[in-house]
Amino acid sequence: MGLDLALATLLSPVVLFFVLGLMAALAKSEVAVPEAFAKGIAIYLMMAIGLKGGVEMSKTGLTLEIIMVMAAGIFLSFSLPLIAFALLRLTTKLPQIDAAAVAAHYGSISIVTFLAATQAVNFAGLDNSGHLVAVAALMEVPAIMTALLLAGRGKKKVPGSEQGDLFREVALNASVVVLVGALIIGWITGEAGMAKIEAFFVTPLQGVLCLFLLDMGLAAGRGLRQGWRSLEPTTIGFGLYMPLISASIAALFCFLLPMSAGDAALLITLAASASYIAAPAAMRLALPKAKPSIYLTLSLGVTFPFNLTIGIPLYIVVAQLVTA
Amino acid sequence: MGLDLALATLLSPVVLFFVLGLMAALAKSEVAVPEAFAKGIAIYLMMAIGLKGGVEMSKTGLTLEIIMVMAAGIFLSFSLPLIAFALLRLTTKLPQIDAAAVAAHYGSISIVTFLAATQAVNFAGLDNSGHLVAVAALMEVPAIMTALLLAGRGKKKVPGSEQGDLFREVALNASVVVLVGALIIGWITGEAGMAKIEAFFVTPLQGVLCLFLLDMGLAAGRGLRQGWRSLEPTTIGFGLYMPLISASIAALFCFLLPMSAGDAALLITLAASASYIAAPAAMRLALPKAKPSIYLTLSLGVTFPFNLTIGIPLYIVVAQLVTA
Amino acid sequence: MGLDLALATLLSPVVLFFVLGLMAALAKSEVAVPEAFAKGIAIYLMMAIGLKGGVEMSKTGLTLEIIMVMAAGIFLSFSLPLIAFALLRLTTKLPQIDAAAVAAHYGSISIVTFLAATQAVNFAGLDNSGHLVAVAALMEVPAIMTALLLAGRGKKKVPGSEQGDLFREVALNASVVVLVGALIIGWITGEAGMAKIEAFFVTPLQGVLCLFLLDMGLAAGRGLRQGWRSLEPTTIGFGLYMPLISASIAALFCFLLPMSAGDAALLITLAASASYIAAPAAMRLALPKAKPSIYLTLSLGVTFPFNLTIGIPLYIVVAQLVTA
Amino acid sequence: MAHVMNRLELIIERMALSRASNVLEDAGLTGFTVVSALAGFGRGQHWRRDGDLSAAQDMVVIISIGKADKTKAALDELHRLLENHIGVVSVSEVEVLRPDRF
Amino acid sequence: MAHVMNRLELIIERMALSRASNVLEDAGLTGFTVVSALAGFGRGQHWRRDGDLSAAQDMVVIISIGKADKTKAALDELHRLLENHIGVVSVSEVEVLRPDRF
Amino acid sequence: MAHVMNRLELIIERMALSRASNVLEDAGLTGFTVVSALAGFGRGQHWRRDGDLSAAQDMVVIISIGKADKTKAALDELHRLLENHIGVVSVSEVEVLRPDRF
Ligand SMILES: Nc1ncnc2c1ncn2[C@@H]1O[C@H](COP(=O)(O)O)[C@@H](O)[C@H]1O
Ligand SMILES: Nc1ncnc2c1ncn2[C@@H]1O[C@H](COP(=O)(O)O)[C@@H](O)[C@H]1O
Ligand SMILES: Nc1ncnc2c1ncn2[C@@H]1O[C@H](COP(=O)(O)O)[C@@H](O)[C@H]1O
Ligand code: NA
Ligand code: NA
Ligand code: NA
């Protein structure tokens with residue numbers, strides 16, 4: 001089963017287009033998905049994911065169990081950066097500020113990894129519920145807050161900024177707003193509303209994802225080409241073992257909480273995934289002296305491909321074990 | 001019926017995404033649909049609307065009744081700016097040039113409002129015919145001509161411009177060209193041609209509109225945040241009552257002409273709607289000293305939401321009364 | 001049959017949108033599909049074409065006959081520029097460098113012309129096989145190599161460039177990479193993989209093509225307006241007769257090789273088509289002193305419309321004759 | 001080096017680009033390059049490109065490097081153009097390579 | 001002509017645009033125009049806009065033409081802003097038309 | 001202030017960007033920023049970005065602020081690069097904050 005799943009994942013069009021982009025960028029080809037087009041697609045993806053989660057939540061409502069899973073997600077997002085930070089400081093030569101910035105990425109989540117996991121979960125014949133989308137949204141921001149504390153960012157006023165600016169900008173970052181907004185809209189309009197728009201938001205989703213992953217592959221490849229020199233081997237190692245650590249801790253929660261195997265797989269994936277949209281933007285604003293060549297390359301160039309190919313099938317198997 | 005319709009309108013995904021965008025912008029979130037993507041979608045929408053209208057016209061042809069409705073539309077577009085201008089000069093402190101620019105917007109039309117009305121009309125179980133798309137296209141430009149006269153724009157030559165430049169630029173503005181062009185193409189190719197492309201231009205239309213309205217909400221919110229200081233209360237009032245005046249005058253025409261309730265609802269909506277693409281672009285070219293913060297904020301930030309939520313259901317009810 | 005086909009081609013939405021764009025640009029309308037959006041669509045088209053070809057090749061595999069057609073395509077791409085160059089030097093006053101640049105375009109291919117021909121072939125009730133997509137990809141680059149030789153481009157080092165840069169940049173140009181990559185992905189994932197993404201890459205393709213051709217019409221019209229002054233009548237003549245010469249030579253190959261009528265029509269079309277994406281980009285890099293106003297205007301403004309309207313129906317008829 | 005030219009920088013509405021470009025060409029300037037602006041501020045008003053669907057508020061920056069007399073000729077006409085349009089024009093001295101091409 | 005103004009050019013992260021724009025406005029400069037950068041290089045690192053989905057590395061170029069004293073006032077604050085952010089600021093002299101608008 | 005640097009502005013084809021950027025880096029300049037052009041005019045030919053699907057005619061503007069000797073070194077190589085490419089290069093003097101970073 002695990003092998004089947006791993007193979008199906010590896011040879012899915014979505015993963016292959018990521019590999020195409022990665023190879024094109026490493027071979028210095030000039031292929032590029034225009035930035036405006038890619039960002040438009042990113043918004044589409046967040047709308048699609050949010051709507052789907054919302055429609056499903058409109059069927060189940062908000063139960064105590066769901067609230068417990070949400071709380072677990074928030075707790076993981078807050079606390080995983082602490083572990084990440086400690087590990088980075090122990091095993092790498094990264095300065096405090098860079099270690100904090102990297103930590104933020106590993107506490108926060110990757111929505112594309114989540115989407116890929118959703119599809120693998122379905123392929124594995126497991127069910128998953130819509131509220132995991134809400135959990136994903138809830139896990140984006142807390143890690144960033146933790147990282148700001150870890151970086152020891154003082155309260156001294158930056159010229160031109162207003163009080164509360166930073167918090168607002170971090171909490172209201174684009175992905176959270178669109179994801180949560182679409183979730184609420186899906187919840188309000190339910191299946192009836194969705195029926196009218198699913199020809200745009202549901203049916204073509206897999207194909208759109210191929211295009212987006214081509215672009216992610218290009219970005220990852222370009223990042224690796226520019227940034228691999230800034231990465232020590234121990235830092236790269238971190239990008240590979242940290243997801244496993246996060247996954248293990250999340251698996252513990254799944255064992256303790258009453259969750260279906262599919263939901264557990266998604267929560268584990270969220271914990272193991274690293275952000276490459278919300279967190280970098282927040283870091284640039286809050287910790288401009290931290291180097292994007294480190295945190296971006298690690299998250300997008302190392303951890304994302306790891307999760308996409310090896311991680312997700314593994315997390316599904318683990319989820320089945322802990323919820324059995 | 002009216003209430004049902006109002007509720008269905010208010011809670012449709014399209015309106016809710018507009019609200020999401022509006023709220024995000026007012027809360028100063030950095031969410032943004034890239035300009036190039038939004039403009040690409042705008043072109044898609046105009047192609048889709050034009051094609052649909054053209055295909056329907058290919059079935060009915062051009063009857064005397066249709067020509068009369070077109071003439072009514074053109075007349076409304078030419079004359080409504082006169083009323084708008086007079087009201088603005090009487091009730092607000094807007095200088096002549098700004099009053100003329102605003103007047104242009106209220107004589108011209110909003111194609112998204114038109115599209116939303118089409119859907120509400122269908123929801124209300126009424127029929128509507130394709131030639132209203134042609135009427136919409138015909139109503140875009142005349143109002144702008146009237147406004148130029150109202151602004152007393154002299155004939156003195158601007159350096160670098162050629163004779164007839166301005167007229168050509170206004171008459172051949174992008175939305176008119178694409179809308180009319182697609183209409184003619186739909187007319188020529190008819191249902192057979194449409195069958196091959198409806199998977200792109202018809203089925204996903206509602207969903208695409210959600211994405212576009214998210215962007216319109218963002219633009220409206222940003223406009224309001226920047227521009228509300230430039231707006232006196234009486235000017236804002238104008239943005240709310242002018243659609244009702246335009247609607248009433250259009251309703252009179254609907255009473256006099258032999259029209260179906262659905263078509264009447266659309267003509268009334270066109271009259272009541274205010275332009276936020278064609279007219280601003282024309283104003284910037286012809287009356288660069290008029291302030292976009294006034295005409296854009298009023299049209300997109302005040303009148304568009306009003307029509308989208310309250311106006312359309314009302315116009316449908318009125319249309320049913322006058323054509324009963 | 002031929003006339004029927006010609007008419008169906010001329011009045012298809014795709015061609016009509018090209019005409020709309022062309023006319024809008026010639027009338028100096030400001031209609032514009034944003035560059036980022038158009039480039040995004042171009043990538044989508046190449047992915048869609050590549051995937052389709054790959055899936056079909058996954059059914060047939062690589063036979064000797066297919067390899068022979070591929071070899072024929074490569075040979076045509078290498079050798080047609082020689083004929084084109086000779087004709088240009090004989091009949092026009094173009095300097096060597098511009099003649100070489102133009103020659104590159106006519107040896108290389110236009111993927112949109114290919115796509116339009118695929119649809120006309122289907123409409124004509126003929127079959128075509130997926131490996132012609134591979135042939136198309138193989139024909140993009142050789143012509144460019146020939147042209148560099150014809151231009152007598154020395155080996156002297158350009159500051160800032162590395163050895164092998166130029167070859168890599170030409171061979172790994174975006175369209176080739178995406179086309180070949182998608183072809184391989186389609187081949188690997190086959191019909192099962194395609195089933196999940198065809199709602200994005202197959203069903204809406206025709207409609208997306210309409211939008212793209214609107215943009216091509218605009219670009220062609222703008223090019224003609226800017227560039228027609230740079231074109232002598234004999235150069236324009238070349239843009240009209242060269243496709244016929246290329247088509248004739250390709251037809252000879254089709255007569256000699258065991259090919260279906262549909263495949264033959266596509267190979268002839270590829271030979272007759274002129275590049276307007278890969279070749280101009282390569283020329284700008286390798287022969288920056290060659291004038292884009294000549295090669296782009298000729299390829300996009302003269303030869304593309306000729307092939308789209310008159311050429312394709314003709315090539316299909318010829319293909320039926322030579323394979324009968 | 002040490003060939004001194006003028007660098008004219010004109011910030012103007014995108015809508016007026018074709019007019020401005022005619023003016024520069026008519027003044028005999030041999031080239032210019034246009035860059036599009038993303039946002040701006042002037043007379044108490046902010047604008048940003050993605051806050052306006054109509055693109056009515058878009059501005060562009062036109063850079064033209066040329067001989068002093070040509071720049072001077074362009075400025076006189078630009079002065080008149082700017083009476084009808086919104087914009088800022090500034091001129092500075094720069095040194096160039098290959099002076100023969102201006 | 002011969003009205004001399006300062007041209008301030010600030011290359012800074014897009015994320016810091018609203019802060020920088022507040023600083024310029026507070027210093028009394030009457031206008032500025034923002035252009036977005038496509039790529040760049042600094043301290044051994046290259047970036048390009050289309051190699052980064054998060055746009056975290058985007059830079060913008062802010063051009064502000066104004067009176068020398070206003071520019072001076074802005075520079076002092078910008079100096080402090082740039083302690084927290086990444087960027088390059090430079091000032092040159094330009095001549096303008098219509099000096100009253102600055 | 002009063003730290004004088006050179007501001008090099010190179011308008012060149014986008015296709016040649018990586019070459020130009022190698023040249024600047026090799027000359028020892030510590031940074032540059034690239035802005036993409038929207039349209040342009042030169043030697044009797046107009047181009048605009050959205051009139052060309054291949055983007056073959058796109059130009060970029062490269063701004064690099066640096067020490068006079070580094071700029072000088074870059075100019076010599078750029079002169080050679082521009083023999084093979086299309087473009088305009090100009091240099092002016094600017095004052096900067098934080099001179100140590102150049
Ligand atoms: N002093 C200035 N420096 C640079 N750009 C300016 C300046 N003043 C105005 N602008 C630009 O011109 C636009 C219109 O300005 P205004 O005419 O003052 O409303 C602004 O939004 C800016 O993009
Ligand atoms: N000397 C310079 N001239 C122009 N732009 C620069 C310069 N130095 C840095 N930059 C820009 O500022 C960004 C950050 O630079 P840095 O702070 O050196 O990492 C670079 O990527 C460039 O876009
Ligand atoms: N004098 C100039 N000032 C600014 N940009 C120029 C100038 N001359 C040429 N350019 C730019 O360089 C491109 C190619 O010019 P050319 O080499 O003259 O064909 C033009 O399209 C402009 O974008
Ligand atoms: Na995580
Ligand atoms: Na109206
Ligand atoms: Na060819």
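Proteins come first, then strands; the chains are lettered A, B, ... in the order of their sequence lines, and each starts at number 1. Quick note: numbers below take in every heavy atom, side chains included, and nothing from hydrogens, waters or symmetry partners.
Nearest approach of E:N84 to A:P288, heavy atoms of both residues: O-CG, 2.6 Å. Minimum heavy-atom separation, A:L285 to E:H85: O-CE1, 3.9 Å. Between E:S54 and A:P280, the shortest heavy-atom distance links the atoms OG-CB, 3.3 Å.
Residue contact with chain E, scored on non-hydrogen atoms closer than 4.5 Å, involves the side chain of A:F212 exclusively. Of the atoms belonging to E:L82, it is backbone heavy atoms, and not side-chain ones, that fall under 4.5 Å from chain A. Of the two parts of A:M216, the backbone and the side chain both hold a non-hydrogen atom closer than 4.5 Å to a non-hydrogen atom of chain E. If you measure heavy-atom distances from E:E77 to chain A, the contacts under 4.5 Å come from both the backbone and the side chain.
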- Task: May I have the step-by-step check of side-chain contact (heavy atoms from CB on, under 4.5 Å) for A:S230 and E:Q45, ending in yes or no?
- Result: CA-CA 10 Å; A:S230 337; E:Q45 285 297 142; 3.6 Å; yes
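Under the 4.5 Å side-chain criterion, counting only non-hydrogen atoms from C-beta, A:R284 is not in contact with E:D58.
Summarising the local packing, NZ of A:K93 is surrounded by 12 or fewer heavy atoms from other residues, nucleotides or ligands at distances under 6.0 Å.
Between the CZ atom in E:R49 and the NZ atom in A:K39 there is a gap of 7.5 Å [rounded to 0.5 Å].
Between chain A and the residues E:I86, E:V23, E:L81, the largest count of heavy-atom pairs under 4.5 Å involves E:L81.
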